[in-house]
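First the structure, in the form of C-alpha cells, and then the observations on it.
Letters A, B, ... are given to chains in the order of the sequence lines, protein chains preceding strands, and every chain is numbered from 1.
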There are 2 protein chains.
Amino acid sequence: MQNKKTDCTAINPDTVNNTLPKMPDMKLLYELSDFFKVMGDNTRIQLLWALEINKMCVGDLAVLLNMTKSAVSHQLKILRSAKLVKAEKQGKNVYYSLDDDHVKTILEKALEHTNE
Amino acid sequence: MQNKKTDCTAINPDTVNNTLPKMPDMKLLYELSDFFKVMGDNTRIQLLWALEINKMCVGDLAVLLNMTKSAVSHQLKILRSAKLVKAEKQGKNVYYSLDDDHVKTILEKALEHTNE
DNA sequence: TTGACAATTGAACAATTGTTCAATTATAAT
DNA sequence: ATTATAATTGAACAATTGTTCAATTGTCAA
C-alpha cells in the first residue's frame, strides 16, 4: 500500500483497498474531464448558450459576442469535434446548432450548483 | 449591427437582435465556465469520484491515485474553493468528502453525453 | 521539549490554451 | 473570369495551468 512517486503511506489501507476496485476505468474518467474541459471556457459557454436560443452562422455569432470570425470559428471547431454543436452549410454561410439534448440539461444542473 | 473587433457584419441582424436580450448575464456565464473549468482536469475528476466512494484523507488519496501528497493537496484546495469538497480535521489528518449533492448528478449527466 | 508525521504553501518550470494575424478555400453575384 | 463575401486554417504569441521541489505549519507521541 505504497506510492511509487513518494515515500507516502496510506493512513487507512482498508479504505484505499475498498475504493480502488470501485473506481471507474481511467479511459472513462479522461472522457469525462475532456468533456468538462470543452465546457470550461467562457467563449464556448457563450456560444453554446447563444445556439441554445437560435441557430446561427459564424458571422452572426461574431457580431453577437463581439469577436472576430476567426476566433469564433476556432472555438466552434472545438465544440464540433466534441459533438456539442453541428454545422449545416447553406450557400456561403454555415449554420451552427446544438447537437445534443444533454447539453442544456447539464448547463441547468451546473447552474443549480453555482446558484448556491 | 456591427462588431467592434472586425469589419464583420451580421448576416441575419434580426436573429442577432432576437438572441441578444435572451442571453444570460455575463457574470452568470463566467460562473458557469469557471465551474466547468474546475471539473475539466483529470486529477480533479479522479479525486471527486474517489471521494464519492469514500471519505478519505490526503495521504490515502495520494496512494490511491499514485500521486504526491503535495499535488493532491494543491488540487483539493481548488476543489474546496469551488465548494465541491469539504475538509474536516481529525488529529494529524484532514478528511475530505463531497460538499455538494449536485456534483454526482452532473457527473452522471455528463456520462450520458460521453457514452453516445 | 523533542522528534516524527500529515498536510499545506510558494516558487519555478514545462506544457497547454485562446486569440490574433495573414493567407487560403469555397460559394454566389456581376 | 473576376470580384466580393463567409468561413476555415496554421503559425505565433501571451497567458494560464498542473506538477515538482523545498520549506513550513500543525499535531501527536515519547
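- For A/N42 (side chain) and B/S33 (main-chain N/O), no donor-acceptor pair under 3.5 Å exists by modelled atom type.
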Discussion item. Protein within reach of the bases, or only the backbone? For nucleotides 24-30 of chain D, mark each nucleotide 5' to 3' as B, S or -, using heavy atoms under 4.0 Å.
Written reply: --BBS--
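- Between the side chain of A/D41 and the backbone N or O of A/T43, at least one donor-acceptor pair lies under 3.5 Å.
- Put simply, CG on B/L76 is 10 Å from P on C/dA7, counting in whole angstrom units.
- Out of D/dT8, C/dT9, C/dA6, the shortest distance to the side chain of A/Y96 is found at D/dT8.
- Rounded to an integer number of Å, the gap from B/D60 CG to C/dA6 C1' is 11 Å.
- B/T68 contributes no side-chain N or O that forms a donor-acceptor pair with the base of D/dC21 under 3.5 Å.
- Between the side chains of B/T19 and A/N54, at least one donor N or O sits under 3.5 Å from an acceptor N or O.
- For B/S73, the listed nucleotide lying nearest its side chain is C/dT9; candidates were D/dT19, D/dA7, C/dT9.
- Of the candidates D/dT9, C/dG10, D/dA7, C/dG10 carries the atom nearest the B/H74 side chain, counting heavy atoms from C-beta on.
- For DNA chain D, no neighbouring residue in residues 33-47 of chain A is found when judged by any heavy atom under 4.0 Å.
- Side-chain contact check for B/V63 versus A/T9: every heavy-atom pair is 4.5 Å or farther apart.
- We find that NZ of B/K69 is positioned 15 Å from P of D/dC21, with the value rounded to whole Å.
- When all heavy atoms of B/E31 and A/T114 are compared, the closest pair comes out as O-CG2, 3.8 Å.
- For A/D101, the CG atom is loosely surrounded, since the number of other residues' heavy atoms within 6.0 Å does not exceed 12.
- When the side-chain hydrogen bond (donor to acceptor under 3.5 Å, both in side chains) test is applied to A/D100, the partners found at least two apart in sequence or on another chain are A/H102, B/H113.
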Output side-chain donor-acceptor pairs under 3.5 Å for residues 70-79 of chain A, partner residues at least two apart or in another chain, one line each.
{"unit_1": "A/Q75", "atom_1": "OE1", "unit_2": "A/R44", "atom_2": "NH1", "d": "2.6"}

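- Listed candidates were D/dT19, D/dG10, D/dC21. Nearest to the side chain of B/S70 is D/dC21.
- Listed in residue order, the members of residues 48-59 of chain B having a heavy atom less than 4.0 Å from DNA chain C are B/C57, B/V58, B/G59.
- What separates CD1 of B/I11 from P of C/dT27 is a distance of 16 Å, to the nearest Å.
- The 5' end of DNA chain D is approached more closely, in terms of each residue's nearest nucleotide, by A/N93 than by the other of A/A71 and A/N93.
- Residues A/V58 and B/I11 are not in side-chain contact: their nearest non-hydrogen atoms beyond the backbone lie 4.5 Å or more apart.
- Put simply, A/K77 has no side-chain N or O that comes within less than 4.0 Å of OP1 or OP2 on D/dT8.
- A search for salt bridge (charged side-chain N to carboxylate O under 4.0 Å, His left out) contacts involving A/K104 returns A/E52, not counting sequence neighbours.
- Between the CG atom of B/N66 and the P atom of D/dT19 there is a distance of 12 Å, given to the nearest Å.
- Side-chain N or O atoms of A/D99 include none that pairs as donor or acceptor with a backbone N or O of A/K86 at under 3.5 Å.
- A/L65 has its CG atom 15 Å from the P atom of C/dG18, to the nearest Å.
- Using a 4.5 Å heavy-atom threshold, the side chains of A/Q46 and A/L61 count as separate.
- Nearest nucleotide to the B/M67 side chain, out of D/dT19, C/dA7, D/dA22: D/dT19.
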